2 protein chains.
Amino acid sequence: MTTRESIRPGGRSARVQASVHKAVRGLLSTMDRSDVTIPLIATEAGVTPSTIYRRWGDLPELLADVAVERLRPDAPPRDTGSARTDLTQWAEQYADEMASGIGRAMIRDVLASVGADTGNAGKCCSYTREQVQSIAERARDRGEEFPDVETVIDKLVAPIMYRILFDDVPPTSEKVLSLVESLLPERR
Amino acid sequence: MTTRESIRPGGRSARVQASVHKAVRGLLSTMDRSDVTIPLIATEAGVTPSTIYRRWGDLPELLADVAVERLRPDAPPRDTGSARTDLTQWAEQYADEMASGIGRAMIRDVLASVGADTGNAGKCCSYTREQVQSIAERARDRGEEFPDVETVIDKLVAPIMYRILFDDVPPTSEKVLSLVESLLPERR
DNA sequence: GCCTAAAAGCAAATTATTTGCGTTAGTGAT
DNA sequence: ATCACTAACGCAAATAATTTGCTTTTAGGC
């Protein structure tokens with residue numbers, strides 16, 4: 001487990017966690033990530049390095065912890081009135097965010113920590129599922145046809161992510177559009 | 001660039017590279033990866049740590065270098081007589097290999113090093129493309145219908161990879177089969 | 001308000017990384 | 001074949017990061 005807010009007693013945990021996370025975000029936006037070290041983060045956050053080592057283990061785990069938090073959507077996808085536009089807009093934004101330099105770095109941080117701290121990648125996956133799920137539910141409420149969430153993952157999310165991670169070419173807007181269209185019933 | 005076999009003059013490079021790679025593979029199969037360090041690898045390989053630091057930079061890059069080499073297919077996909085079975089067998093094997101503990105670790109090693117050494121992930125992607133390409137060419141030579149390589153990447157490879165990386169549940173054999181079937185024309 | 005235990009600080013010990021410099025071994029030219 | 005050249009390696013000292021034992025602080029339960 002990475003972040004244990006405050007399990008039983010004792011715990012200025014939350015404060016330390018907040019300042020460390022903040023320090024990481026700040027440093028990451030300022031300097032090259034290969035220059036970011038735990039002693040540096042500790043100084044910036046006003047804590048001792050050993051505190052960070054004991055709580056997070058190592059830099060990859062800390063970075064992953066910060067990344068999953070930043071990757072968590074702050075709101076459900078915008079309701080645009082129809083499943084087609086909901087999904088289109090969400091997918092475009094998802095692709096843009098993930099394909100950006102910072103987005104890609106966060107994904108890699110998350111993936112790099114799997115093994116040590118299982119579950120980070122799973123969380124990201126859940127966030128995405130939840131977002132798609134809420135689009136799907138709205139579609140259902142409107143009486144629209146909408147594919148299964150897992151189908152959306154397979155045919156839309158997975159291709160976007162694969163190309164971001166492995167190809168150096170992020171998916172173009174047209175590409176994303178065509179993936180979305182392939183999921184939905186014929187436009188009338 | 002990570003491995004420069006022997007660019008211009010000078011170079012017992014190849015020998016050192018071989019023994020270091022071998023040492024990494026050996027250690028990785030013996031012990032927990034979090035216990036594998038550069039000094040340890042150096043000792044095992046019979047070289048000095050500084051040699052490794054100078055050539056590879058750090059552990060993630062070295063691991064990535066070893067991983068891409070192991071990820072490179074040694075032969076084109078087996079010719080089973082039809083595109084359907086070619087693709088099915090290849091996809092099953094691909095999914096199995098990548099979902100295995102060692103496979104997942106290798107993928108993560110490769111992804112972790114992007115940024116420092118751009119191109120490792122791209123290489124993996126190329127290997128996959130080449131494999132699919134050769135199945136596609138055989139299909140064409142037989143006069144069979146076969147989807148575009150990029151379509152195969154989007155609809156078969158990407159979902160497999162996404163689930164391996166983000167979900168903890170690797171795709172089942174049935175899942176892979178259904179992905180393959182969705183790509184091919186109706187079975188007669 | 002006191003007690004308790006988890007979490008943080010501190011500092012010493014250990015381990016990993018970087019770096020300057022001398023040596024070695026392929027390579028290409030003679 | 002020999003020689004000169006240079007990239008790559010080894011060695012060891014310097015620096016930086018990580019681990020660890022022990023002490024102190026602090027939030028929560030009584």
Side-chain angles (χ1 to χ4, degrees), chain A residues 1-24 27-28 30-66 69 109 112-113 115-117, chain B residues 1-24 27-28 30-66 69 109 112-113 115-117:
Chain A
M1 189 168 4
T2 298
T3 297
R4 47 219 109 144
E5 310 281 309
S6 55
I7 309 184
R8 290 298 170 74
R12 59 215 120 152
S13 305
R15 250 198 314 285
V16 169
Q17 202 216 22
S19 65
V20 169
H21 275 224
K22 183 177 172 186
V24 170
L27 290 173
L28 240 34
T30 312
M31 59 204 307
D32 197 73
R33 78 187 309 91
S34 61
D35 294 331
V36 176
T37 65
I38 287 189
L40 189 66
I41 295 168
T43 303
E44 192 71 11
V47 300
T48 323
S50 63
T51 295
I52 298 184
Y53 286 115
R54 280 199 245 253
R55 264 187 81 153
W56 283 278
D58 56 15
L59 187 57
E61 278 195 69
L62 171 54
L63 294 179
D65 190 42
V66 173
E69 193 165 304
D109 287 341
S113 81
D117 182 345
Chain B
M1 183 165 11
T2 297
T3 296
R4 46 214 108 148
E5 309 280 309
S6 55
I7 308 184
R8 288 302 167 74
R12 59 213 119 152
S13 305
R15 252 200 310 286
V16 170
Q17 203 217 22
S19 64
V20 169
H21 274 223
K22 183 176 171 186
V24 170
L27 290 173
L28 241 35
T30 312
M31 60 202 309
D32 197 73
R33 76 188 309 94
S34 62
D35 294 332
V36 175
T37 66
I38 288 189
L40 188 66
I41 295 168
T43 303
E44 192 72 12
V47 299
T48 27
S50 63
T51 295
I52 297 183
Y53 286 115
R54 279 198 245 255
R55 266 187 81 154
W56 282 278
D58 56 14
L59 187 57
E61 279 196 67
L62 171 55
L63 293 180
D65 191 42
V66 173
E69 192 165 305
D109 287 341
S113 82
D117 183 343

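As the structure is a computational prediction, the values presented were derived from the model and not from experiment.
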Selection: residues 33-40 of chain A, any non-hydrogen atom under 4.0 Å of DNA chain C: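 DNA chain C contact set from residues 33-40 of chain A: none.
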Roughly how far apart are [X] [atom1] and [Y] [atom2], rounded to 0.5 Å?
X     : Y     : atom1 : atom2 : answer
B:L63 : B:H21 : CG    : NE2   : 10.0 Å
B:I38 : B:L62 : CD1   : CG    : 6.0 Å
A:L40 : A:L27 : CG    : CG    : 5.0 Å

Heavy atoms, side chains only, cut-off 4.5 Å: are [X] and [Y] in contact?
X     : Y     : answer
B:W56 : B:V20 : yes
A:D65 : A:Q17 : yes
B:L59 : B:T37 : no
B:V24 : B:E44 : no

For the pair made of [atom1] in [X] and [atom2] in [N], what is the distance, rounded to whole Å?
X     : N      : atom1 : atom2 : answer
B:W56 : C:dT18 : CH2   : P     : 15 Å
B:D58 : D:dA17 : CG    : P     : 14 Å
B:I52 : D:dC9  : CD1   : P     : 10 Å
A:L59 : D:dT19 : CG    : P     : 12 Å
A:R15 : D:dT25 : CZ    : C1'   : 11 Å

Please list all pairs passing the salt bridge (Lys or Arg N to Asp or Glu O under 4.0 Å) test where one or both residues lie in residues 33-43 of chain B, with sequence neighbours left out.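 For residues 33-43 of chain B, and leaving out neighbouring residues, the salt bridge (Lys or Arg N to Asp or Glu O under 4.0 Å) pairs sorted by first residue read B:R33-B:D109.
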Residue-phosphate contact under 4.0 Å: A:T48 side-chain N/O, C:dG9 OP1/OP2: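 Yes, such a contact exists.
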Between protein and nucleic acid, restricted to nucleotides 21-23 of chain D and to nitrogen or oxygen atoms under 3.5 Å apart, what atom pairs and distances do you find?
residue: D:dG21; atom: O6; partner: A:R54; partner atom: NH2; Å: 2.4

